[in-house]
Amino acid sequence: MAEALAEARLAAAEGEVPIGAVLVFEGRIAGRGRNARERLHDPTAHAEVLALQEASRALGRWRLTGATMYATLEPCPMCAGALVNARIDRLVYSVPDPKAGAVDTLFDVVRHPGLNHRMEVASGVLAQECGEVLREFFRARR
């Protein structure tokens, strides 16, 4: 999670909402991502999606079975759906997202019994640090 937090800090320095993600496969980081919607002018350029894309290229496959995604914020519906479609085994996120959380807060996309894949979920890892980066970013914007 410390690596995802580092990505979030880079996003903040770029003027992006500070959310970071890393995908780990066989004990190594296979993909990194940080929010880049403003920089790329792309509404889908969320940290998790970019980490999935990088990992898929690095591993040469779209099925990422055996991988764990670490994200500093609870994934939104789009990102949660992408994690399911990529067949991620485990998701670890830091802080809940009361406005768009699609894992525990508003929805439970990643463990929905009607979908063809479900994953293990853990939350609260480095929550204080990740939450503070988000709070500071929005405090500075107000």
- [ ] Enter the distance from Glu3:CD to Thr72:OG1 here, rounded to the nearest 0.5 Å.
- [x] 13.0 Å
Open item on the list: The test is side chain to side chain contact (heavy atoms under 4.5 Å, CB included); show your working for Val110 and Arg118 and say whether it passes.
Closed with: CA-CA 5 Å; Val110 300; Arg118 285 168 290 289; over 6 Å; no
- [ ] Could you tell me whether the side chain of Glu74 and the main chain of Val103 form a donor-acceptor pair under 3.5 Å?
- [x] yes
Task: Distance (rounded to the nearest 0.5 Å) between Asn35 CG and Glu7 CD - done: 11.0 Å
Task: Pair Arg139 + Glu132, salt bridge at N-O below 4.0 Å - done: yes
- [ ] Please say which of Val84, Asp89, Thr68 ends up in a side-chain contact (heavy atoms from CB on, under 4.5 Å) with Met119.
- [x] Val84
Open item on the list: So Tyr93 and Leu73, do their side chains get closer than 4.5 Å, heavy atoms only?
Closed with: no
Task: Contact check, side chains of Leu91 and Glu120, non-hydrogen atoms, under 4.5 Å - done: no
Task: Atom pair OG1/NZ of Thr105 and Lys99 - distance to nearest 0.5 Å - done: 13.0 Å
Open item on the list: Quick one: does any side-chain atom of Arg63 pair with a main-chain N or O of Thr65 as donor and acceptor, under 3.5 Å?
Closed with: no
Open item on the list: A side-chain contact here means heavy atoms from C-beta on lying under 4.5 Å apart; do Val92 and Met1 qualify?
Closed with: yes
TODO: Could you tell me which non-hydrogen atom of Ser94 sits nearest to which non-hydrogen atom of Cys130, and how far apart they are?
DONE: OG-SG, 3.1 Å
Task: Evaluation steps, side chain to side chain contact (heavy atoms under 4.5 Å, CB included), between Asp42 and Arg37 - done: CA-CA 5 Å; Asp42 181 352; Arg37 294 185 303 173; 5.9 Å; no
Open item on the list: Could you check whether any side-chain N or O of Glu14 sits under 3.5 Å from a backbone N or O of Arg39, counting only pairs where one atom can act as donor and the other as acceptor?
Closed with: no
Task: Shared hydrophobic cluster, Val17 / Leu126 (ILVMFWY, side-chain heavy atoms < 4.5 Å) - done: no
Task: Where Leu23 and Ala67 come nearest, the two heavy atoms and their spacing - done: CD2-CB, 3.7 Å
- [ ] Search all heavy atoms of Pro75 against all heavy atoms of Cys79 and return the closest pair with its distance.
- [x] CB-CB, 3.9 Å
- [ ] For residues Ala51 and Gly33, report the shortest heavy-atom separation together with the two atoms involved.
- [x] CB-N, 3.7 Å
- [ ] Rounded to the nearest 0.5 Å, what's the gap from CZ on Arg9 to CD on Glu136? Could you check?
- [x] 11.5 Å
Task: Joint hydrophobic cluster, Ile19 plus Val95, side-chain heavy atoms closer than 4.5 Å - done: yes
Task: Same apolar cluster: Leu64 and Leu115, side chain cutoff 4.5 Å - done: yes
Task: Cation-aromatic face contact Arg90/Phe25, 6.0 Å, 45 degrees - done: no
TODO: Taking the side chain as every heavy atom from C-beta outward, state whether Leu5 and Val133 have any pair of such atoms under 4.5 Å apart.
DONE: yes
TODO: Using atom types as modelled and distance alone, determine if a side-chain donor or acceptor of Asp108 lies under 3.5 Å from a backbone N or O of Asp104.
DONE: no
- [ ] Considering non-hydrogen atoms only, spot the tightest contact between Val121 and Arg111 and give its length.
- [x] CB-NH1, 3.2 Å
Open item on the list: Can a donor-acceptor pair be found, under 3.5 Å and without considering hydrogens, that links the side chain of His112 to the backbone of Gly114?
Closed with: yes
TODO: Would you sort out whether Arg61 and Ser56 count as a side chain to side chain contact (heavy atoms under 4.5 Å, CB included), showing the intermediate values?
DONE: CA-CA 5 Å; Arg61 59 194 175 99; Ser56 292; over 6 Å; no
TODO: Please check if Leu83 and Leu59 belong to a single hydrophobic cluster, counting links between Ile, Leu, Val, Met, Phe, Trp and Tyr side chain heavy atoms closer than 4.5 Å.
DONE: yes
Task: Basic-acidic side-chain contact under 4.0 Å: Glu54, Arg32 - done: no
Task: Gap between atom CH2 of Trp62 and atom CG of Leu52 - 0.5 Å precision - done: 12.0 Å
TODO: For residues Arg34 and Ala11, report the shortest heavy-atom separation together with the two atoms involved.
DONE: CD-N, 3.5 Å
